[in-house]
Structure formats: C-alpha cells, structure tokens
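Position 1 is the first residue of the sequence, and the numbers go up from there. Keep in mind that the numbers below use all heavy atoms, side chains included, and drop hydrogens, waters and symmetry copies.
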Amino acid sequence: MAEEIIINVSQYESRVALVERGELKEIFIERTHTPGIVGNIYKGKVKKILPGIQSAFVDIGQERAAFTHIADLVDPHKENAEERFALPSITDLLYEDKEALFQVTKESIGTKGARITSRISLVSRYLVYLPATSHIGVSLRIEDEHERLRLKEALNNFWDKGKGDGFIVRTAAEGVPVDDILSDAELLCNRWHRILEEEKTVRSPNLIYEDLPLPLRVVRDIINSGTTGIRVDKQSTLTAVARFLEDFIPEKLQCLELVDDLQFFESYNIEGQIEAALKRRVSLTSGGHLIIEQTESMTTIDVNTGAFVGQGDLEETIFRTNREAASSIPGQLRLRNIGGIVIIDFIDMTDDGHKSEVLKILEQGQQSDRMKWRITRISEFGIVEMTRKRTHESLLRMLCEPCEHCGGRGFVKTAESACLEIIKEIQRRARNGSGKECLVMASQSVIDRLLDEDDTCVRDLADALGVEIKFQVEVGYHQGQFDVVEVI
C-alpha cells in the first residue's frame, strides 16, 4: 500500500504524519520543551526499593523518579523455562544508591514517572542489539521460513555467542544482503562500547545515550517498500533526513522532497483529521457509529447501529454494523495512539459464525499495527478484551487536558440542578444568618431559569424566609458554579 511520510518541524514542535491515499494513519508529535525520552539510556541511581511489589524507583535526572519492576531487570530470553519464570528478589539485584545503566521503555504518563529497564537494547534499521544476551531472534512478521533461517544463520555464524551479543532481526531486513545486516550489527556493537566507556566517566543521574530526534526516529522505524514519498517543509530537516537515508536507506533518497509551503499540513487535511481523532464519536459508513471513551486505566469502545436500520433482518443489520466497527477500530487505535487495556462492546450477536467473522476482521486489522497487542474471544455478552502496548501518551491526552469545569467527566450539572442547590443554600443561610437580602451570582443560563421556570418558587421562598433575593449574572461562571452572598 502506497504511503507518504509528511514531516513538519517548527521551533515549537515536531510532527510526523503517516498518510495512506490521503487518509491519516498515524501521527507522531513531540513538543520542543518536552522531548521524548523513550529509548534514551541514563546512568541512574536507585532511590527506593519496594520489596513487597518487587519494584524500585530510580533517579535518572527527570522531574519524577522512574519506575522499574523485577521483570524489567532479568533476561527474558533464557532457554530454560524454569529460570525464565522464576524471578529472583529485587533486593538481590538492586540496593539503594546503586548506580547502573537504565533505558526508558515508557514515557511518563499522567502522574506516573517513566518506566525503565536494565535490559538495554539498541535499534538500527535492520537489527535490535541486545547486549549481554546470546539470543538470536527474527521478527514474526517475516513469515517465509527459508528467509528466517537465512537471517538467523547469518548472525549465528558471524557472532560468537560467548561474547554475549544478542540480536533480533527486524522486519525491514527481509531480503536484505547479509553484508548490510552485519554492517548494522558492527555499528550497534561499536555504539554500545562507546556507551560503556562514557558510563565510566560520568556521575549519576546523567544522560548517556539519546535516541534519534523524532523525524529520523520515525523514518527509521516506519519506512518500508510501500513508502512513495517523504515530504518535509524545512531545509535543515531535509538535510538531516537526506544524510540519514544516504547512510542507511539509500534506495529511498529519491522519495525525499522539500515542500515550500508553510501550511502544507493543512493542504493534506491533516489538521482536520487530527481534530476528528480527538472526538468521542466515529461515524461508520452504514450510519452506525463508535463511542470511544478514554480513562486512566482503560479505554472503552461502544458500537452502535445509530441511524442504520438495514434492509434485512435484525441479526444481519447488527452483523454488518459490527463488521464495519471491527474494520475501523484498529485504525482508530493506531491514529489515537491508544494503549493499555481496551474493552470493545460489540452489539450482541446470536450467530456463532458472525461472531467468528467479526473477530477475524478485528485481528486482521491489527496485523499492520507495529505495537504488540493481544485479543481475547468475543464473550457471550459481545465483549472483546484486548491489550495494546503503551509507550507514550495517547493523542487525546497529549493535545488536551481535563476540562476545568467538569474535571474530565464530560458532564456539568444541569441548570435545574444548579437552581435547586441555590434554593437549598438560600434556605441554609436564612436559617443561620440575620441578613435581609441574598445576592445570587451564577451563569446566564441559571439566572434565566431562576427568573423564568423557577420564578414562582423563588418568590414563595423569599416570602417564607422574609428575605429579598437578587440576581447577578457572572460571565466567567460555568453552569454548575454559583455563589450566594448574604447582605446584612
């Protein structure tokens, strides 16, 4: 499938969009004042150990201490299953004030600090280098068994396992000459030796190795045989990307192009598609829709028939809506960068064949996702549980913040509810005070209701309490906000 990589870099932020036939598939955003740290390697100092949960907090020089778990500290590639799953005590590996190298695997999200690991990995175009392991693996996306064997043997024959050099062959290495792959391996080994040398000379906490800037990182990770264009809007970015391509992916140099248009993101309608990706509701072709709700711990996706009533029986209408939803959801997860636990509430289906077909469509759609994921079967209630690896904030939480009025709930009190609370507050103040006048300050919608629908109630209240009630519109107040001031 033909894909274009659109790169926009300004003094405030860097944005990289992956576009397929005019449709935005993924968007990567990094603000200048808060650069991404995933992949960075730090010399950190252990600050606190929590043996009860096999975890520790480590100072790596960031605003919040980073978090690590025992599973982040042991080799997961041991051949012996008992050794692989029998985790030691974290106190056997770490102690307070210990200095060591740690790599960031997950950005700081919400109130949580970054997630780190002592299992360092270095990434190149074709390989992931795993120091201090002897594991040689091949990406599962390379399905041809002869090709998998060729790639694995190339590394097995070249590297002495006794040296402790492990590698994972990336999908991009499929069909690539062995010499190019081994050249990448040599580059990564040399980079690791430089890191070890620098570690000896710096004090913790300190940054030892910084991953590539966002434009180069994305080009390295997502460019493929289907990439037909790489368009940038800045000469300095063009120069950096051209140098990177010339060194590592020379066959794609011809795709690189400078676009002399300050608004070229808008010309691809990327801005509009980003705005759409921030909305709760996603329309389906048939007339049905999805409702996507993100919370701190999980995301829920509700499938609805909406305006679609179909032309056949009810089961067929439901089946068609669920199929469209299953086809749309993987793309929405990628575009919105939603990770963690995802609960999908499909419309109930009675036909087991329909359930299997919907699940198959969902799984097929996830095949193009670069993040690790896992999907369960459809339950008897039409629920599918899935997980998707989360390394960064979602698009919504990166670009938006909780509403100061509703606190992120998505709801504010109705004008009627606010009026009832005001009446109760007036009664409370009249009982406890000696004032003869109450001033009610509230939003326009609440004052309008007090003077209209609730006018009789307000007059009866004033007569019963023997107070005069006055009103004042406060433009800055939201609908659920008010003050009742007693005037003596």
Side-chain angles (χ1 to χ4, degrees), residues 10-13 15 27 29 31-34 109-111 262-263 265-266 269-283 289 291-296 299-300 302 336 393-488:
S10 71
Q11 66 185 99
Y12 311 107
E13 65 178 359
R15 299 186 296 175
I27 180 73
I29 301 174
R31 299 283 160 77
T32 303
H33 65 282
T34 53
I109 296 176
T111 59
L262 295 177
Q263 304 298 321
F265 247 50
E266 286 86 341
N269 192 32
I270 292 174
E271 303 286 8
Q273 294 185 70
I274 292 175
E275 284 299 316
L278 299 177
K279 296 179 179 178
R280 296 171 61 243
R281 181 178 174 129
V282 179
S283 297
H289 61 269
I291 297 295
I292 302 176
E293 295 280 6
Q294 297 182 49
T295 68
E296 183 76 20
T299 297
T300 61
D302 188 26
R336 296 167 184 250
E393 288 275 24
S394 68
L395 183 65
L396 178 68
R397 296 192 180 276
M398 173 172 282
L399 300 184
C400 305
E401 62 183 15
C403 170
E404 61 178 319
H405 301 317
C406 71
R409 291 177 300 164
F411 297 93
V412 294
K413 289 181 179 177
T414 63
E416 181 181 16
S417 296
C419 289
L420 290 174
E421 290 187 11
I422 288 171
I423 289 171
K424 293 173 186 175
E425 180 65 12
I426 292 173
Q427 291 173 327
R428 188 186 68 78
R429 285 184 175 274
R431 283 197 305 268
N432 300 332
S434 58
K436 295 299 181 182
E437 182 180 311
C438 276
L439 175 64
V440 176
M441 297 182 292
S443 66
Q444 183 72 61
S445 60
V446 173
I447 298 297
D448 287 346
R449 184 179 177 92
L450 288 169
L451 294 175
D452 190 1
E453 292 100 320
D454 295 334
D455 177 56
T456 302
C457 179
V458 170
R459 280 191 283 107
D460 291 345
L461 179 65
D463 292 341
L465 298 177
V467 298
E468 182 181 2
I469 302 175
K470 295 184 177 181
F471 305 98
Q472 179 176 312
V473 174
E474 291 292 335
V475 179
Y477 280 23
H478 61 80
Q479 192 163 270
Q481 185 179 3
F482 64 85
D483 284 305
V484 176
V485 180
E486 184 183 1
V487 180
I488 300 176

Report, one line per pair, each donor and acceptor closer than 3.5 Å where one atom sits in a side chain of residues 416-424; sequence neighbours left out.
unit_1: Ser417; atom_1: OG; unit_2: Thr414; atom_2: OG1; d: 3.0
unit_1: Glu421; atom_1: OE1; unit_2: Lys413; atom_2: NZ; d: 3.4
unit_1: Glu421; atom_1: OE2; unit_2: Lys413; atom_2: NZ; d: 2.5

Side chains of residues 456-466: which donor-acceptor pairs under 3.5 Å do they make with residues two or more places apart or in other chains?
unit_1: Arg459; atom_1: NE; unit_2: Asp455; atom_2: OD2; d: 3.1
unit_1: Arg459; atom_1: NH2; unit_2: Asp455; atom_2: OD2; d: 3.3

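What you find for Ala415 and Val446 is that their closest heavy atoms are CA-CG2, 4.3 Å. Residues Met441 and Tyr477 come closest through the heavy atom pair O-CE2, 3.7 Å.
By the side-chain hydrogen bond (donor to acceptor under 3.5 Å, both in side chains) test, Glu453 is found to be paired with no residue, residues two or more places apart in sequence or in another chain being considered. Considering only residues two or more places apart in sequence or on other chains, Gln479 meets the side-chain hydrogen bond (donor to acceptor under 3.5 Å, both in side chains) condition with Ser445. Applying the side-chain hydrogen bond (donor to acceptor under 3.5 Å, both in side chains) criterion to Arg449, with sequence neighbours excluded, gives Asp454. For Gln472, the side-chain hydrogen bond (donor to acceptor under 3.5 Å, both in side chains) test picks out Glu474, with sequence neighbours left out.
Distance check: Ile291 CD1 to Arg281 CZ gives 6.0 Å after rounding to the nearest 0.5 Å. Remark: Gln294 CD to Glu393 CD distance equals 9.5 Å, nearest 0.5 Å. One finds the CZ atom of Phe471 at 11.0 Å from the CG atom of Asp448 (value rounded to the nearest 0.5 Å). The structure places CZ of Arg336 at 8.0 Å from CG of Leu396, a figure rounded to the nearest 0.5 Å.
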